[in-house]
Amino acid sequence: MSSPGAPADLAAVQRRLWRLLVAPEGVRNALAEEGPGAEAALGALLVGDERAGAAARLEVYANAYFARLHDVLRADVPALAAALGPPAFHDLATAYLLACPPRHFSLRHAGDQLAAYLASDEPGAAFVRARCAFAADLAALELARTDAFDAADDAPLSRDALAALAPEAWAALTLRLRACVRLLALAWPVDRLVDAQARGEPLPLAELAPARTQVCVYREGDDVRQLRVPPEDAALLARARDGVAFGEVCEVLASPERAAAFLGRHAALFREGV
């Protein structure tokens with residue numbers, strides 16, 4: 001990068017290059033819209049030569065930038081990418097990145113708004129839903145899996161810790177969800193698609209039909225797991241985000257035995273040291 005004469009303001013240079021890099025119509029067209037002298041001004045910021053001028057070089061970088069974001073999104077939502085197919089997913093990535101350009105320095109967050117975008121009234125989202133009505137749910141589940149993997153570490157509740165509790169302490173035992181737990185209320189059973197993708201099998205798209213589905217996603221070691229939970233369990237798990245007493249679980253389930261069974265089914269979802 002060159003700056004003849006007085007040094008250019010770095011922030012202003014970065015903003016200008018960013019606008020050109022993300023221009024939907026490409027660098028050259030964006031420069032043409034800026035008017036005469038825009039390409040020459042760019043030449044004062046970027047070094048060119050007889051093989052490629054500043055605009056051509058920046059165009060290469062802009063194309064590489066989109067390709068990298070496209071690949072990151074595809075890695076974040078592999079089942080959705082497989083369900084749509086390469087051309088439609090390319091169109092989705094383009095429309096999404098135009099509507100929701102990355103705001104974080106890490107590519108890890110490039111797809112954070114994808115599920116919300118697919119549920120929105122944006123034309124690009126409507127096009128995808130016409131092809132795959134379950135797209136927003138599938139994106140939400142796949143992104144929740146990434147969130148669960150990246151969540152803070154904490155130890156799950158152990159049976160030894162429960163066995164050490166005095167009988168009179170059980171009613172006040174407070175259950176709190178681990179940091180890695182994500183609860184999703186979905187309109188489609190898209191966990192079937194994620195499971196098939198993980199096994200390397202064809203996605204059962206023709207068999208998929210709308211059905212209210214409660215899915216819990218969590219991390220166990222280095223593995224991310226997902227399980228369906230009945231509505232009654234899902235409601236109690238949601239209350240455990242802020243802490244729920246075991247005595248309250250007994251009251252909701254109308255039986256200490258049923259409460260103990262609930263805790264046994266979901267012990268891996270609760271924090272140790274409660």
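Keep in mind that what you see is a predicted model, and the values were worked out from it rather than measured.
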Check whether any side-chain heavy atom of [X] lies under 4.5 Å from a side-chain heavy atom of [Y], and answer yes or no.
{"X": "Val252", "Y": "Arg239", "answer": "yes"}
{"X": "Leu236", "Y": "Val249", "answer": "yes"}
{"X": "Val77", "Y": "Leu114", "answer": "yes"}
{"X": "Leu92", "Y": "Leu73", "answer": "no"}
{"X": "Trp170", "Y": "Leu263", "answer": "yes"}
{"X": "Pro101", "Y": "Arg103", "answer": "yes"}
{"X": "Val215", "Y": "Val190", "answer": "no"}
{"X": "Pro102", "Y": "Leu97", "answer": "yes"}

When you measure from the side chain of [X] to the backbone N and O of [Y], does any donor-acceptor pair fall under 3.5 Å?
{"X": "Glu220", "Y": "Ala268", "answer": "no"}
{"X": "Arg219", "Y": "Phe149", "answer": "yes"}
{"X": "Asp154", "Y": "Ala179", "answer": "yes"}
{"X": "Arg271", "Y": "Leu177", "answer": "yes"}
{"X": "Arg212", "Y": "Ala185", "answer": "no"}
{"X": "Thr213", "Y": "Ala211", "answer": "yes"}
{"X": "Ser255", "Y": "Arg258", "answer": "yes"}
{"X": "Tyr96", "Y": "Gln113", "answer": "yes"}

State yes or no: do Val128 and Leu205 share one hydrophobic cluster built from I, L, V, M, F, W and Y residues joined by side-chain heavy-atom distances below 4.5 Å, directly or via other members?
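They do share one cluster, since a chain of ILVMFWY contacts under 4.5 Å joins Val128 to Leu205.
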Honestly curious: do Phe127 and Phe134 fall in one hydrophobic cluster under the side-chain, below-4.5 Å linking rule?
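Same cluster.
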Between Leu157 and Leu162, is the side chain to side chain contact (heavy atoms under 4.5 Å, CB included) condition met? List the steps.
CA-CA 8 Å; Leu157 185 61; Leu162 293 174; 3.9 Å; yes
What closest approach, in Å, do [X] and [Y] show between heavy atoms, and which atom pair accounts for it?
{"X": "Ala82", "Y": "Gln197", "answer": "CB-OE1, 3.7 Å"}
{"X": "Ala196", "Y": "Pro202", "answer": "CB-O, 3.9 Å"}
{"X": "Leu118", "Y": "Ala139", "answer": "CD1-CB, 3.8 Å"}
{"X": "Arg182", "Y": "Ala151", "answer": "NH2-CB, 4.1 Å"}
{"X": "Leu269", "Y": "Cys216", "answer": "CD1-SG, 3.6 Å"}
{"X": "Glu142", "Y": "Asp76", "answer": "CB-O, 3.7 Å"}

Would Phe270 and His266 count as a ring-ring contact (aromatic ring centres under 6.0 Å, His included) if you check the C-alpha gap in whole Å, the side-chain angles of each, and the deciding distance to 0.1 Å?
CA-CA 7 Å; Phe270 298 113; His266 302 304; 7.3 Å; no
Any carboxylate oxygen within less than 4.0 angstrom of a Lys/Arg side-chain nitrogen, looking at Asp71 and Arg74?
yes
Would Leu69 and Leu107 satisfy side chain to side chain contact (heavy atoms under 4.5 Å, CB included), going step by step from the backbone distance to the final call?
CA-CA 7 Å; Leu69 287 172; Leu107 289 176; 3.4 Å; yes
For the atom pair [atom1] ([X]) and [atom2] ([Y]), what is the distance rounded to the nearest 0.5 Å?
{"X": "Arg129", "Y": "Glu122", "atom1": "CZ", "atom2": "CD", "answer": "10.0 Å"}
{"X": "Gln214", "Y": "Leu227", "atom1": "CD", "atom2": "CG", "answer": "11.5 Å"}
{"X": "Asp153", "Y": "Arg178", "atom1": "CG", "atom2": "CZ", "answer": "8.5 Å"}
{"X": "Leu98", "Y": "Tyr117", "atom1": "CG", "atom2": "OH", "answer": "8.0 Å"}
{"X": "Leu203", "Y": "Arg192", "atom1": "CG", "atom2": "CZ", "answer": "10.5 Å"}
{"X": "Leu193", "Y": "Trp188", "atom1": "CG", "atom2": "CH2", "answer": "10.0 Å"}

For Asp137, which of Leu186, Leu80, Leu184 qualifies under side-chain contact (heavy atoms from CB on, under 4.5 Å)?
Leu186
More than 12 heavy atoms of other groups within 6.0 Å of Arg108 CZ:
yes
I would like to know whether Phe66 and His90 meet ring-ring contact (aromatic ring centres under 6.0 Å, His included); could you show each step before the answer?
CA-CA 10 Å; Phe66 170 78; His90 181 279; 5.3 Å; yes
Verify side chain to side chain contact (heavy atoms under 4.5 Å, CB included) between Arg265 and Asp233, making sure each step is shown before the conclusion.
CA-CA 10 Å; Arg265 287 193 299 274; Asp233 283 11; 3.0 Å; yes
From CA spacing to verdict: side chain to side chain contact (heavy atoms under 4.5 Å, CB included), Arg176, Val181:
CA-CA 10 Å; Arg176 288 189 176 86; Val181 175; over 6 Å; no
So, Arg145 versus Gln226: side-chain donor-acceptor pair below 3.5 Å or not?
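Gln226 and Arg145 do have a side-chain donor-acceptor pair below 3.5 Å.
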